[in-house]
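Report on the following structure.
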Amino acid sequence: MPDDPLAAHRRPRPRRDPLMLGFHTAGLLLHDEPTAIEELSRIGYSAVTLRPRRGHLDPDSRHLGDWIDRVRGAAERCGVRLVLDADGRFMHDPRVDRGPSLAAANRDEAEGAVRWLETIVDVADRLRATAVTFATGAAPSPLTLTSDEQTLERLAAQIRLLAAAAEGRTTLAIRPASGQAVATVAQYERLLQWLDADPVPGLAADIGEMITGGELPIADRLARNTRSLACVYLCDRGGGVPGDRRFGHGDVALGRVTRSLQSMGFAGPVILRVEGHSEWGLESAAEAFGQISRGD
């Protein structure tokens, strides 16, 4: 007699492939990138996101070539995929947080934004990075369902230039973010109506920004954009504290989000981000990996 007489009548559970988990080094600012890649790989991560910062991923540094060689070497030894988050802070002016905007009405500013992102695409190509994610920059007025068509036309024109520069080299993905011309996934969907670039930039969904923008339920928004989804930035938020929190210390139903991504069959990188907590070092990376792996 079988141990479980009802086994033949039970429906098999749907198979869910493991997610490609990555970690954003914005949470490891006290570690150099090659060391961070090696240690994150030991924890179990298979992808790492890097963001430009002075003295490290710094296109103006005369040591950039050496930095690229060391980072690419570490990634290749560890079998880790790289993603570049182009939204480096204070990279253009030590007194100004953000750089030029793709959606700016001023042509010089918009062209400067394109040149910056083309530089990041060049770095990504040399690093053999999987993707470059970027926010659009601010617009003279926020995009809405009835927004000024001129803003959409300007933004689409700049993104076409970027798509041409990245073709065959890396994947571009727009990250909707609060205060930007494209602040929500819904606005990304609207922008797609104005784009005829081939390939069209994908979507880098930022769960924290989706919560800020009231884009709930998150799973439905993601499922609606399955084809466009290139990367997901996953963080924990809540408790009345602005910004990212350590995983398990906020209010985000992380397990629900990851299960939704698995049910969609999403195969791209899911990048865990704990920005603003670098003093915890690799402990926060290990904590986040354990919680997501358990499906908490």
Side-chain angles (χ1 to χ4, degrees), residues 22-43 45 47-78 80-102 109 112-135 137 162 165-166 169-170 172-173 175 177 180 204 206 231 233 235 243-244 246 269 271-286 288:
F23 195 78
H24 200 310
T25 54
L28 290 173
L29 296 182
L30 303 180
H31 293 69
D32 68 280
E33 286 82 356
T35 300
I37 289 168
E38 291 172 356
E39 294 299 326
L40 290 170
S41 174
R42 289 191 180 98
I43 291 171
Y45 288 101
V48 174
T49 290
L50 310 172
R51 180 188 287 165
R53 57 180 177 133
R54 289 296 177 195
H56 291 261
L57 200 176
D58 183 352
D60 292 335
S61 171
R62 61 190 178 91
H63 301 296
L64 178 64
D66 177 62
W67 181 92
I68 288 174
D69 290 341
R70 291 171 56 234
V71 170
R72 187 180 63 213
E76 290 175 349
R77 284 194 304 275
C78 298
V80 166
R81 294 196 190 187
L82 298 177
V83 174
L84 295 193
D85 170 5
D87 300 318
R89 303 174 66 177
F90 300 103
M91 290 298 297
H92 305 269
D93 186 323
R95 297 159 296 181
V96 180
D97 186 3
R98 300 296 178 185
S101 169
L102 288 169
E109 180 179 352
V114 171
R115 287 193 299 272
W116 166 252
L117 287 168
E118 287 176 339
T119 298
I120 299 301
V121 166
D122 289 340
V123 173
D125 188 28
R126 294 169 65 184
L127 284 171
R128 302 188 182 102
T130 298
V132 171
T133 72
F134 63 97
L162 285 176
R169 304 169 74 194
T170 190
L172 291 178
R175 184 179 70 88
Q180 307 293 300
D206 187 319
C231 172
Y233 287 119
C235 61
D244 297 349
R246 288 169 55 202
I271 305 295
L272 313 187
R273 189 187 64 219
V274 195
E275 186 168 2
H277 299 277
S278 292
E279 71 278 7
W280 286 93
L282 291 159
E283 182 178 340
S284 63

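Computed over heavy atoms, backbone and side chain alike; hydrogens, waters and symmetry mates excluded.
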Sub-3.5 Å donor-acceptor pair from the side chain of [X] to the main-chain atoms of [Y], do we have one?
| X | Y | answer |
| --- | --- | --- |
| Arg53 | Leu29 | yes |
| Glu275 | Gly27 | no |
| Glu109 | Ser101 | yes |
| His277 | Asp244 | yes |
| Tyr233 | His24 | no |
| Asp206 | Arg175 | no |

Check whether any side-chain heavy atom of [X] lies under 4.5 Å from a side-chain heavy atom of [Y], and answer yes or no.
| X | Y | answer |
| --- | --- | --- |
| Leu102 | Leu117 | yes |
| Asp60 | Met91 | no |
| Trp67 | Asp58 | no |
| Leu282 | Leu40 | yes |

[Y]/[X] salt bridge by N-O under 4.0 Å criterion:
| X | Y | value |
| --- | --- | --- |
| Asp69 | Arg72 | yes |
| Glu118 | Arg115 | no |
| Arg98 | Asp87 | no |

What closest approach, in Å, do [X] and [Y] show between heavy atoms, and which atom pair accounts for it?
| X | Y | result |
| --- | --- | --- |
| Arg126 | Gly65 | NH2-CA, 3.6 Å |
| Pro59 | Leu64 | CA-CD2, 3.8 Å |
| Val121 | Ala165 | CG1-O, 3.9 Å |
| Tyr45 | Ala288 | OH-CB, 3.8 Å |
| Thr170 | Ala129 | OG1-O, 3.2 Å |
| Thr133 | Asp85 | OG1-CA, 3.6 Å |

What distance do [X] atom [atom1] and [Y] atom [atom2] have between them, rounded to the nearest 0.5 Å?
| X | Y | atom1 | atom2 | result |
| --- | --- | --- | --- | --- |
| Leu127 | Leu82 | CG | CG | 6.0 Å |
| Leu28 | Phe23 | CG | CZ | 5.0 Å |
| Thr35 | Leu30 | OG1 | CG | 12.5 Å |
| His31 | Thr25 | NE2 | OG1 | 11.0 Å |
| Leu172 | Ile120 | CG | CD1 | 11.5 Å |
| Arg77 | Glu38 | CZ | CD | 5.0 Å |

Residue of the set Arg81, Arg128, Arg70 for which salt bridge (Lys or Arg N to Asp or Glu O under 4.0 Å) holds with Glu76: Arg128
Chi angles and distances behind the side-chain contact (heavy atoms from CB on, under 4.5 Å) call for Val96, Phe90: CA-CA 6 Å; Val96 180; Phe90 300 103; 5.6 Å; no
Whether His92 and Trp116 hold their rings parallel, tilted or perpendicular, with breakpoints at 30° and 60°: perpendicular
Test item: side-chain donor near acceptor, Glu33 and His56, under 3.5 Å: yes
